[in-house]
> 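Structure provided below as structure tokens; questions to follow.
For reference, positions follow the sequence shown, starting with 1. Whatever order the structure lists them in is the order used to number ligands and atoms, beginning at 1.
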Amino acid sequence: MKFPLSMTAGLAGYILKNKMRPRPEWQKTVAPPADAANPFRILPARAGENGAERRQPHPMINKRFPIVLMLEPLHACNLTCTGCGRIREYESTITERLPLEECLWAVDECGAPVVSICGGEPMMYPQIGELVAGILERNRHIYLCTNGMFIKKRLHEFRPDKRFYFNVHLDGMEKTHDICVEKEGVFREAIAGIKAAKKAGFMVCTNTTIYKETDMKEIEALFEYLEPLDVDGHQLSPAYGYSAVNDREIFMTRDDIHEKFKDVDSLFKRFRLNQTPMYLEFLKGDRDLPCTAWGNPTYNIKGWKGPCYLITDAHYKTFEALMTQTPWESYGHGHDPRCEHCMVHCGYEPSAALGINAKLADSFKMLTWALR
Ligand code: SF4
Ligand code: SF4
């Protein structure tokens, strides 16, 4: 994600503090249980076992702490998008909502400096204005991820704040977006919401999922279209076919993703992309990054979702339990077949922000990116 300069400085301080003094109880290696939900899991071989050389983990891998909390106050939504795992995975609890106090308790318990309020459609949460105000009171930065259809109607419940962004989901120009969300008129409504929010002084960014069928030229056209609306940034993420969504046709392999993002530099130069340059290099296939899913923990109606936003092997009652009982090292590319083609930002953007597999010019790239 991209943050304003004050936010970047605050985040850099938070990351440095946690790198220097990580909480010891969060850094222990937990062995996966024998009855782990995935019986096909590839367990890392020990050195010397079957002639295997154990891959040396990067030192930062064992400095775990949260950076962005993904808070899902509800899973209900007014849409039924083709690639949405949430409305499918949580179908049995789709009418339930987290009480406001519990949402704020999760923010306090986790302590991450950034909160991404997602769902479901969080703008359908009755106390969404109070939730945002409560999180801002705690001096956290907020991305409110929305399909944009209720912005105009509920804008009066919010106050503009430089720490608060509406993050509007747009998967292409009007025709494509309305096909992706399976409803006509959504694009127009979302654009009307963006215009109303900008006019009222709010920060707004957009969030685009890249599918196998996505034409990157159309994404360029979308960003051009949004430029006169003075949108504050764009986020791109490759779609990933996790277990709740079984439509393999629309999701990409790692090779597909590299191909799709090979020309992303031209977008990066022209528009304010919210991703770190290192994460974009990872998407292009120019850099390897390990998964650091603990950097983006998820809390919802069932508890702390482990290991990540995409895969659910367990729901924990406390954040402490998520951090201390998840066998983190048995996930990620090369460890778990479910992770094989995953390159999503919630697993890999924290790795880039933490400086894992850093190169000499990275500090300069980060500074240039933050200043832009
Ligand atoms: S708008 Fe978001 S939560 Fe709703 S169906 Fe689409 S992807 Fe899922
Ligand atoms: S690679 Fe990481 S973020 Fe992706 S599915 Fe696996 S554990 Fe989740």
> Evaluate Glu320 against Arg23 for salt bridge (Lys or Arg N to Asp or Glu O under 4.0 Å), listing each step before the verdict.
CA-CA 11 Å; Glu320 199 62 24; Arg23 281 180 60 173; 3.3 Å; yes
> Report yes or no: does a heavy atom of Val181 sit under 4.0 Å from some atom of ligand 1?
no
> Please write down residue, atom name and distance for the protein heavy atom closest to atom 4 (Fe) of ligand 2.
Cys342 SG, 2.3 Å
> Could you check whether atom NZ of Lys152 has more than 12 heavy atoms from other residues, nucleotides or ligands sitting under 6.0 Å from it?
no
> Closer than 4.0 Å to some heavy atom of Gly347 - which atoms of ligand 2 meet that?
3 (S)
> May I ask whether Tyr309 places a heavy atom under 4.0 Å from ligand 2?
no
> For Glu72, run the side chain to side chain donor-acceptor pair (under 3.5 Å) check against Lys305, Arg86, Lys302 and tell me which one passes.
Arg86
> Salt bridge between Glu281 and Lys284, side-chain N to carboxylate O under 4.0 Å?
no
> Compute the ring centroids of His177 and His169, then answer whether they are less than 6.0 Å apart.
yes
> Go through ligand 2 atom by atom and flag the ones less than 4.0 Å from a non-hydrogen atom of Tyr331.
7 (S)
> For atom 1 (S) of ligand 2, what is the closest protein heavy atom, and at what distance to 0.1 Å?
Tyr348 OH, 3.3 Å
> Which atoms of ligand 2 sit under 4.0 Å from any heavy atom of Cys291?
1 (S), 2 (Fe), 3 (S), 7 (S)
> Is the number of heavy atoms from other residues, nucleotides or ligands within 6.0 Å of CZ (Arg97) greater than 12?
no
> Of all the atoms in ligand 1, which lie at a distance below 4.0 Å from a heavy atom belonging to Asn147?
1 (S)
> If we only count heavy atoms from C-beta on, is the Pro66 to Trp294 side-chain gap below 4.5 Å?
no
> Quick check on contacts: which atoms of ligand 1 are under 4.0 angstrom from a heavy atom of Leu79?
5 (S)
> Number the atoms of ligand 1 from 1 as they appear, then name those within less than 4.0 Å of a heavy atom of Cys77, with their elements.
1 (S), 3 (S), 4 (Fe), 5 (S)
> Nearest non-hydrogen atom to atom 7 (S) of ligand 2 belongs to which of Pro337, Pro350, Cys339, Ser351?
Cys339
> Starting from atom 3 (S) of ligand 1, which protein heavy atom do you reach first, and at what distance in Å?
Gly120 O, 3.5 Å
> Under a 4.0 Å threshold between the charged nitrogen and the carboxylate oxygen, would Lys183 count as salt-bridged to Asp178?
no
> For ligand 1, indicate whether the residue Cys81 contacts it via side chain, backbone, both or neither (heavy-atom separation under 4.0 Å).
both
> Nearest protein heavy atom to atom 8 (Fe) of ligand 1, by residue and atom, and its distance?
Cys84 SG, 2.3 Å
> Is Glu329 paired with Arg64 through a side-chain N to carboxylate O contact shorter than 4.0 Å?
yes
> Just wondering, is there an N, O or S atom on Cys308 that's nearer than 2.8 Å to atom 8 (Fe) of ligand 2?
yes
> Can you confirm whether or not the ring centre of Phe158 sits under 6.0 Å from the ring centre of Phe164?
yes
> For atom 5 (S) of ligand 2, which protein heavy atom lies nearest, and how many Å away is it?
Ile311 CD1, 3.6 Å
